[in-house]
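Structure first, then comments.
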Amino acid sequence: QVQLAESGGGSVQAGGSLRLSCAVSPDTYRGTYTAWFRQAPGKEREGVAAIYTSTGIPSYADSVKGRFTISQDSNKNTVSLQMNNLQPNDTAMYYCATGPVVRSFERLQKTAYTYWGQGTQVTVSS
C-alpha cells in the first residue's frame with residue numbers, strides 16, 4: 001500500500017515562506033511523477049508543481065512560477081515544495097500525489113494520480 005504524508009503547512013503573512021514535505025512509503029516506491037496540488041474552499045483542486053522522478057525535472061503552474069520550487073531528495077522518496085513570497089490567494093489545503101502511470105501532458109492534472117496524501121493547510125494573511 002503506497003502512502004503519502006505531508007507536513008510543513010501553517011500560517012504566514014503575505015510575503016512569507018513555507019516549506020512543505022511529502023514522504024512516500026514504502027521507500028522503494030517510485031511513481032512516474034510526484035506532484036503538489038491545492039484546493040481552496042469552493043474551488044477545484046489544481047496542480048501546482050510536479051517533478052519527474054527519474055530525472056528530477058520540475059513543472060509549475062503559471063500562478064506559482066518564480067515563487068515555488070519543487071525538489072526531491074537523493075532517495076527520491078521525499079518531495080518538497082519551497083514556497084516563497086506567499087500571497088493570500090495561495091491559501092488552500094495542499095496535497096501531494098503520485099502514480100505509476102502519469103503521462104507528461106497530464107502531470108498537473110488531478111485525474112492522472114493514483115495515490116494521495118491527507119493534505120496540509122496553508123493560510124496566508126494580508
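Index from 1, following the sequence. Keep in mind that this is a model prediction, so the values were computed, not measured.
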**Prompt:** Is there side-chain contact between T32 and T53, with heavy atoms separated by less than 4.5 Å?
**Reply:** no

**Asked** In Å and rounded to the nearest 0.5 Å, what is the OG to CG distance from S21 to L81?
**Response** 9.5 Å

**Prompt:** Under a 4.5 Å side-chain heavy-atom rule over Ile, Leu, Val, Met, Phe, Trp and Tyr, are F68 and L18 clustered together?
**Reply:** yes

**Asked** Heavy atoms, side chains only, cut-off 4.5 Å: are S71 and Q82 in contact?
**Response** no

**Asked** Is the OH atom of Y29 crowded by more than 12 outside heavy atoms at less than 6.0 Å?
**Response** yes

**Single-linkage hydrophobic cluster, 4.5 Å side-chain cutoff, Y33 and L108 together** = no

**Asked** Under 4.5 Å between side-chain heavy atoms, hopping through other hydrophobics if needed: is there a path connecting I70 to M83?
**Response** yes

**Prompt:** Tell me, do L20 and T120 make a side-chain contact under 4.5 Å, heavy atoms counted?
**Reply:** yes

**Asked** Should T98 and L4 be marked as a side-chain contact (heavy atoms from CB on, under 4.5 Å) after you check the CA-CA gap, both sets of side-chain angles, and the distance that decides it?
**Response** CA-CA 8 Å; T98 192; L4 293 84; 4.1 Å; yes

**Prompt:** Would a hydrophobic clustering, with Ile, Leu, Val, Met, Phe, Trp and Tyr connected at side-chain separations under 4.5 Å, put V102 with Y52?
**Reply:** yes

**Item:** Donor-acceptor pair, side chain of E6 and main chain of Q118, under 3.5 angstrom
**Value:** yes

**Prompt:** Just checking, R45 and Y95: is the charged tip under 6.0 Å from the six-membered ring centre and within 45° of the axis?
**Reply:** yes

**Message:** Under the criterion salt bridge (Lys or Arg N to Asp or Glu O under 4.0 Å), I'd like the reasoning laid out for R67 against D90: C-alpha separation, chi angles, the key distance, then a yes or no.
**Reply:** CA-CA 11 Å; R67 300 189 299 125; D90 293 315; 2.7 Å; yes

**Asked** What are the two closest non-hydrogen atoms of S126 and A14, and how far apart are they?
**Response** CA-CB, 4.3 Å

**Item:** Same apolar cluster: Y115 and Y113, side chain cutoff 4.5 Å
**Value:** no

**Request:** Assess whether atom CD of Q121 is packed by more than 12 heavy atoms of other residues, nucleotides or ligands within 6.0 Å.
**Result:** yes

**Residue among Q39, E44, E46 satisfying side chain to side chain donor-acceptor pair (under 3.5 Å) with K110** = E44

**Request:** Using a 4.5 Å cut-off on heavy atoms from C-beta on, say whether the side chain of I51 contacts that of I57.
**Result:** no

**Prompt:** Which value, rounded to the nearest 0.5 Å, describes the distance between S25 atom OG and Q3 atom CD?
**Reply:** 5.0 Å

**Parallel, tilted or perpendicular, as decided by the 30° and 60° cut-offs, for the rings of F37 and W116** = tilted

**Request:** Would you name the heavy atoms of R19 and S80 that are closest together and state the gap between them?
**Result:** NH2-CB, 3.5 Å

**Message:** Rounded to the nearest 0.5 Å, what separates atom NZ in K65 from atom OG in S59?
**Reply:** 8.5 Å

**Prompt:** Within a strict 4.5 Å, meaning less than it, do heavy atoms of the T78 and V24 side chains meet?
**Reply:** no

**Nearest atoms (heavy-atom pairs only) where G47 meets A61** = O-CB, 3.4 Å

**Message:** Before you tell me yes or no, could you show the steps for R38 and Y94 under side-chain hydrogen bond (donor to acceptor under 3.5 Å, both in side chains), namely the whole-Å CA-CA distance, both residues' side-chain angles and the distance that decides it to 0.1 Å?
**Reply:** CA-CA 4 Å; R38 66 186 181 187; Y94 283 70; 3.0 Å; yes

**Complete:** CG (L86) and OG (S11) are apart, to the nearest 0.5 Å, by 11.0 Å

**pair T123-V12: side-chain heavy atoms closer than 4.5 Å** = no

